[in-house]
Amino acid sequence: MIEYGLSISADEHFDKLSVRKCAGFDFIEFSGALLDSESACRKLESVRKAGCALVVKDIVDPALVHLVQNENFQVKLEFDRKLHERCSAAGALGAEVAGAAFDVMRALEYPEYEPGLIGLLKSSIGAFYENKLDIAISGRLPGPPGSPDITRLIAFCKKISYPRLKTVIEFHIHEPGAFEELAKHFAILKFYRSFWRICYEPEHGNQLNSGLLKHFLEAADMKSAAESRIAISPGHQIPDDATLRDILKVISEVENE
C-alpha cells in the first residue's frame with residue numbers, strides 16, 4: 001500500500017494550510033522548527049486528529065547538526081537539549097518519523113569524519129527511541145556531480161545497527177539522469193522503498209503530472225512494495241489551493257487507473 005503526503009518546504013507555508021486541506025493527504029511532512037510554536041503544535045494536533053499522520057523533517061536545524069562535531073562542548077549541549085526537546089514534542093503529538101540532517105555524504109567523502117558521525121548518531125538514538133520515533137536519514141537521487149552514490153549511504157546506515165533507522169530517498173524527478181540512476185541502483189534500492197520524497201520546482205516551470213508520477217511508480221516497481229510513503233515536495237512554492245488541488249488530482253488519477 002502506498003500513502004501519499006505533502007512535504008512542506010517552509011514554515012510559513014504551514015500557516016497558509018487549513019486542517020481540511022491537510023486532511024486530503026495521508027501524512028504531512030514538516031520542519032522541526034514548528035515544534036517550538038504552541039500555535040503550530042495545536043494545529044498539528046488537529047491535523048493528526050483529522051486522520052493525517054505526522055512526519056518531522058529536520059528535527060534540529062541542519063546548521064546545528066553540521067556544526068556539532070567540530071565545535072565546543074557548549075554547542076554539543078545545545079544540540080542535545082534541542083534534540084531531546086523537539087523529540088519530546090514530536091512524540092507528544094503522535095509523530096511517527098523524525099528526520100535529521102546528519103552529514104553522511106561528508107563522512108563518505110572524508111573517511112576521517114566517519115567515526116565521529118557514527119558516535120553522534122548512536123548518542124542521539126535514545127532521544128528518538130524514548131519518544132517512539134523512527135530516525136530518517138535522506139539521500140539524494142541523483143546526487144550532485146562527483147558525490148558518492150546512494151548505495152553508499154545505505155551501506156553507511158547499516159553500520160548504525162538500529163532497526164528503526166529509515167533511509168529516505170529524495171528523488172529529483174525532473175533532473176537529468178534521475179531515472180537512469182534509479183535503474184542503475186535499483187537492485188539495491190528495491191529493498192529500501194519505505195519512504196520516497198518526490199522533489200520538483202514549480203517556480204522553475206517544472207510540474208508534476210499523472211504521467212510522470214506513473215513513470216516513477218513503474219520505474220521503482222512500487223506495486224511490489226509491501227508498503228511505502230511518498231512525500232510530494234513542490235519546491236519553495238507556497239502550496240496554495242490550486243497547487244494542492246493539482247497534487248491531489250495527480251495522485252487520484254494514478255490511484256484510480
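For reference, positions follow the sequence shown, starting with 1. Please read these numbers as outputs of a predicted model, since none were measured by experiment. Worth knowing before you read on, the calculation uses all heavy atoms, side chains too, and leaves out hydrogens, waters and symmetry mates.
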May I ask you to test the [X]-[Y] pair for a side-chain heavy-atom distance under 4.5 Å?
| X | Y | result |
| --- | --- | --- |
| Val97 | Val168 | no |
| Val75 | Glu78 | no |
| Leu208 | Phe216 | no |
| Tyr200 | Leu212 | no |
| Val65 | Asp103 | no |
| Leu83 | Phe128 | yes |
| Met105 | Phe156 | no |
| Phe27 | Leu54 | no |

Interatomic spacing from [atom1] in [X] to [atom2] in [Y] - rounded to 0.5 Å:
| X | Y | atom1 | atom2 | result |
| --- | --- | --- | --- | --- |
| Glu181 | Ile150 | CD | CD1 | 9.5 Å |
| Leu189 | Leu182 | CG | CG | 6.5 Å |
| Leu35 | Asp11 | CG | CG | 9.5 Å |
| Leu244 | Ile232 | CG | CD1 | 12.0 Å |
| Ile173 | Ile198 | CD1 | CD1 | 5.0 Å |
| Leu6 | Asp26 | CG | CG | 11.5 Å |

task = Please test Glu170 against Ser7 for side-chain contact (heavy atoms from CB on, under 4.5 Å), starting from the C-alpha separation and ending with a verdict.
result = CA-CA 11 Å; Glu170 190 172 273; Ser7 183; over 6 Å; no
Could you check whether atom [atom1] of [X] has more than 12 heavy atoms from other residues, nucleotides or ligands sitting under 6.0 Å from it?
| X | atom1 | result |
| --- | --- | --- |
| Glu112 | CD | yes |
| Tyr129 | OH | no |
| Glu12 | CD | yes |

Can you see which heavy atom on [X] is nearest to which on [Y], and at what distance?
| X | Y | value |
| --- | --- | --- |
| Tyr162 | Leu133 | OH-O, 4.4 Å |
| Ser124 | Phe79 | OG-CE2, 3.6 Å |
| Leu34 | Ala40 | O-CB, 3.5 Å |
| Tyr113 | His66 | OH-O, 4.5 Å |
| Ser9 | Gly235 | OG-O, 2.6 Å |
| Pro142 | Arg140 | O-NH1, 2.6 Å |

query = Between Phe179 and His215, how do the two ring planes meet: parallel, tilted or perpendicular, split at 30° and 60°?
reply = parallel
key: Worked verdict on Glu180 versus Lys184 for salt bridge (Lys or Arg N to Asp or Glu O under 4.0 Å)   = CA-CA 6 Å; Glu180 289 79 2; Lys184 178 181 178 181; over 6 Å; no
request  = Dump the intermediate steps for side-chain contact (heavy atoms from CB on, under 4.5 Å) on Lys76 and Leu120, then the final yes or no.
outcome  = CA-CA 10 Å; Lys76 180 66 165 63; Leu120 177 63; 4.0 Å; yes
Whether [X] side chain and [Y] backbone form a donor-acceptor pair below 3.5 Å:
| X | Y | result |
| --- | --- | --- |
| Arg164 | Ile125 | no |
| Thr167 | Ile154 | no |
| Asp149 | Thr151 | yes |
| Ser46 | Arg42 | yes |
| His174 | Gln207 | yes |

Is it the case that one hydrophobic cluster holds both [X] and [Y], taking links as side-chain heavy atoms less than 4.5 Å apart, direct or via other members?
| X | Y | answer |
| --- | --- | --- |
| Phe186 | Phe195 | no |
| Val55 | Phe102 | no |
| Ile59 | Val47 | yes |
| Leu217 | Ile169 | yes |

side-chain hydrogen bond (donor to acceptor under 3.5 Å, both in side chains), paired with Glu29, selected from Arg197, Lys57, Arg229 = Arg197
ask   = Going through the distances and angles, do Ile247 and Tyr4 end up as a side-chain contact (heavy atoms from CB on, under 4.5 Å)?
value = CA-CA 10 Å; Ile247 294 172; Tyr4 290 93; over 6 Å; no
request  = List the steps, then state whether side-chain contact (heavy atoms from CB on, under 4.5 Å) holds for Asp36 with Glu85.
outcome  = CA-CA 9 Å; Asp36 295 340; Glu85 183 181 278; 3.8 Å; yes
message = Whether Lys43 and Asp15 form a salt bridge (side-chain N of Lys/Arg under 4.0 Å from carboxylate O of Asp/Glu) is what I want to check.
response = no
ask   = Would Asp61 and Arg86 pass as an ion pair if we require N to O under 4.0 Å?
value = no
